[in-house]
Amino acid sequence: MLMEKIYKDLNDRQLEAVKYIDSPLLILAGAGSGKTRVLTYKIYYLIKNKLSYPENIFAVTFTNKAADEMKKRVETLLNINLKNMMIGTFHSMCVKIIKMHRASKKLDLNFSIYDTDDGKNILKSVLKELGKENIDVKTIQKKISYFKNRMIFPEEIENYHSFDIEKEDFKKIYNHYQMKLKDNNAYDFDDLLLETIKIFNDDNNFKENFSNRIKFILVDEYQDTNLSQFYILKHLYNGKNNITVVGDDDQSIYSFRGAELKNILDFEKHFENTKIIKLEQNYRSTNNILNVANRVIRNNLQRKDKILWSLFNDGEKVKIVKCFDERQEATYVVQRILQNREREEKNFSDFVILYRTNAQSRPFEEILRKNNINYKVIGNIKFFERKEIKDILAYLSFIINKNDEISFRRIMNFPKKGMGEITLNTIIENSTTFGLNLYDSLKKFYDSSRNRNKIMELNKFFDLIKNIENRKENVYNALGFLIDNLNLDTVFEKMDTNEKLSRLENIQELLNSAKEFVLRNEDNSIDSYMDMISLYTDMDEYNDNDTLTLMTVHNAKGLEFDTVFVTGVEEKLFPHMNTLDYDQNCEEERRLFYVALTRAKKNLYITMAKQRKFYGTSDFRRPSRFLKEIGFDSPNIDLIDLTISKQIDSELFDNDDSNGGEFKEFFDINDRIVHPIFGEGVIKGKKGSGKDQILIIQFLNGEIKKIFSEYANLTRK
DNA sequence: TAAGCTCTCATTCCG
DNA sequence: TGAGAGCTTA
């Protein structure tokens, strides 16, 4: 019965990959070739066939969300609870390893994990202490992370090139930053990986025990691993364990944050007797889409040869659309979505608008808002990076780690307690001088304070902390108490209604997450909640079924949609101008474009504008080199040039807020019109008014369509 | 200390 | 163009 299901759901190659356990295995899995399915079934196969217990499996995925999903899928297949299986991101697994190691040494288990924003704050204070305030924090933070990703420590820096920061200064800052993190009993994200490697290097006993525990290592998205992740895998593999990695060198798009393409290109060199299985059959896209994608990616020099094919038919041709500017581009895309949605009875969630940079979402959002279409922009602001969320969570962080200066500063200012920069610095300095933690140092300050207001404020604060601590075994109660007692209405008093509302909603969402956590876990303490939360960067996307999604191509990795619009496909935007200096053949940009194209199942639109507004000023654009690589004479594409029909354009561009009112009333029943796509027709009826007005038009072929008047782009016959 | 104003800067992003 | 950081002023 077991094998039946596996045989039914997998093709021969996939099956081979699932069953192969004789030596290290590299699965080169093209886009849409079912790689997640292979990993899921492999875990299922190992457990069901008693080749492994769940606790002997170590599986790493790219995001927490992916880990949760995979775990749930296997749980459903096996119909058991897999709470003993080690599955998660590299970072979450490293936190577990560090805690296990600390436990084995009887050390304090609590530490803080600083995100990019926290790290920036630490760096600011380091620069201040060193009198180097003229150095840009962002630049130095990037540099430090660059070296950490390559496992180079301050004292080891040899090859260093920089015009703006001197080598010795940089070393000093990097070093101080590390010391400061240590003082705060905190790790940044990069440190979690490095600390794990350090443990494995220094404590051979621990390493042997740990790697003996593991029998099977599985790694997803291997093409985006960095050097320290590679070393962690080497340690875990330990020359004997079973290792399977899945990836697609053509989809490696994160070199800017340390991903090493050579990890996947050289896998065989690092793991002896590697077996390679290629998955080239695509189960997602039509052949027109795949052909276009193949034509582009073959221009990359650094890749393993691989050609996607599918049993699907050719399908619709890929549309390449030339627009006048970004507003026409947005209008066209939204029009198309409305038309196709109606014609093919689809949901908005079947479509996606992709772009290279977040700033490109703006014109789309404008038009979507005007048309009252539900949409969601993914990625721009992360849930756990919102100020109100960080401020609240800082209370929990501080209760766990009372040396955490970052959280301390936050909660002393949320709500405002009249404790300014100077006061806080004194308290922090005193903590070092007297060997106290920050809480006790604050108490000391309080004892000596004679300011009535401050005494009152601090009394309230100490009470609050005590009350949360009393509830620390149940994070939902603790968080609920905290939120009830912060008087958020007063705190957000001066904000406008929308902002206030959205902040309160986010806080409610946070409370919901704590509630769910309490329901789903045995250990409900704030400690274990914070362990989970500090490695989550975003809430799970709730899939509203009729919401249109907009996102960057990076965010679309791993997803698929019926109809995909890849927008802004112009030189200097896609490929992005900043990449052209160091990547002559723009291979990573091409991979990114390839990722964009291969998201599409049935319909693919690629749009560009001749003119685009950037930072307030318009400039002229040229088609992306990637379009030339597809070839304008390709049999797989249709070219649509919207810049030719000038009359139509002029009306389209004028339809901004100022004269939108006129435009709506422009057509009347029985007017004869021409539609740019459907051709000649007669207006048979009107529904609604304003932005929502819909025209009912009968076209020459007898077909009757409902079309939004404001964006219909109609001309009089 | 905190609100209000000016200045600057802008690729992509997961943990 | 517009968000956010940092400076100025009450």
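First the proteins, then the strands, lettered A, B, ... as listed; each starts at 1. A quick note: this is a predicted structure, and the numbers were derived from the prediction, not measured.
Residues satisfying the side chain to side chain donor-acceptor pair (under 3.5 Å) test with Asp527(A), not counting sequence neighbours, are none. Qualifying side-chain contact (heavy atoms from CB on, under 4.5 Å) partners for Asn555(A), counting only residues two or more places apart in sequence or in other chains: Ile378(A), Met551(A), Thr552(A).
Looking at heavy-atom distances under 4.0 Å, Asp224(A) makes no contact with the nucleic acid at all. Among the protein residues, Thr423(A) comes within range of the sugar-phosphate backbone only, with heavy atoms under 4.0 Å from sugar or phosphate atoms but none that close to a base. In this structure, Asp115(A) reaches neither bases nor backbone, as no heavy-atom distance under 4.0 Å exists between it and the strands shown. Among the atoms of the strands shown, none is found under 4.0 Å from any heavy atom of Met577(A). Looking at heavy-atom distances under 4.0 Å, Thr617(A) makes no contact with the nucleic acid at all. If you check every strand for non-hydrogen atoms under 4.0 Å, Lys382(A) touches sugar and phosphate atoms only.
Toward the 5′ end of DNA chain B lies the nearest nucleotide of Lys417(A), the other residue of the pair Lys417(A) and His576(A) mapping further downstream. Ranked by how close their nearest DNA chain B nucleotide is to the 5' end, Asn578(A) and His91(A) are led by Asn578(A).
Residues Phe445(A) and Thr423(A) come closest through the heavy atom pair CZ-CG2, 3.4 Å. Minimum heavy-atom separation, Ile427(A) to Phe408(A): CG2-CZ, 3.9 Å.
For the pairing with His554(A), the ring pair (Phe, Tyr, Trp, His ring centres under 6.0 Å) check across Tyr254(A), Tyr355(A), Phe62(A) returns one residue only, Tyr254(A).
A cation-pi arrangement is absent between Lys148(A) and Tyr174(A), since the terminal nitrogen or guanidinium carbon is not both under 6.0 Å from the aromatic centre and inside a 45° cone about the axis.
Listed in residue order, the members of residues 250-259 of chain A having a heavy atom less than 4.0 Å from DNA chain B are Tyr254(A), Phe256(A), Arg257(A). If you check residues 586-593 of chain A against DNA chain B, you find no residue with a heavy atom closer than 4.0 Å.
A straight line from NZ of Lys387(A) to P of dA3(C) spans 18 Å, rounded to a whole angstrom. One atom, NZ of Lys138(A), and another, C1' of dA3(C), lie 10 Å apart when rounded to the nearest Å. Atom pair Asp136(A):CG and dA5(C):C1' shows a separation of 11 Å (rounding to whole Å applied). Taking atom CD of Glu365(A) as the reference point, atom P of dG2(C) lies 12 Å away to the nearest angstrom.
Taking atom P in both dA5(C) and dT12(B), the straight-line distance is 16 Å, to the nearest Å. Using atom P as the reference point in both dC13(B) and dG4(C), the two lie 15 Å apart (nearest Å). Separation of the C1' atoms belonging to dA3(C) and dC14(B) is 23 Å when rounded to the nearest angstrom.
Counted within 6.0 Å of NZ on Lys262(A), heavy atoms from surrounding residues, nucleotides or ligands total 12 or fewer; the atom is thus considered open. Counting heavy atoms of neighbouring residues, nucleotides and ligands inside a 6.0 Å radius, atom CD of Gln302(A) does not exceed 12 of them.
Here the CZ atom belonging to Phe626(A) is positioned 14.0 Å from the CE atom belonging to Met608(A), to the nearest 0.5 angstrom. Distance check: Leu458(A) CG to Leu464(A) CG gives 12.0 Å after rounding to the nearest 0.5 Å.
Under the salt bridge (Lys or Arg N to Asp or Glu O under 4.0 Å) criterion, no residue pair touches residues 449-458 of chain A, with sequence neighbours excluded.
Read 5' to 3', the first and last nucleotides of DNA chain B with an atom closer than 4.0 Å to a heavy atom of chain A are dT1(B) to dG15(B).
Contact check, Lys124(A) against dG6(C): a side-chain N or O comes under 4.0 Å of OP1 or OP2.
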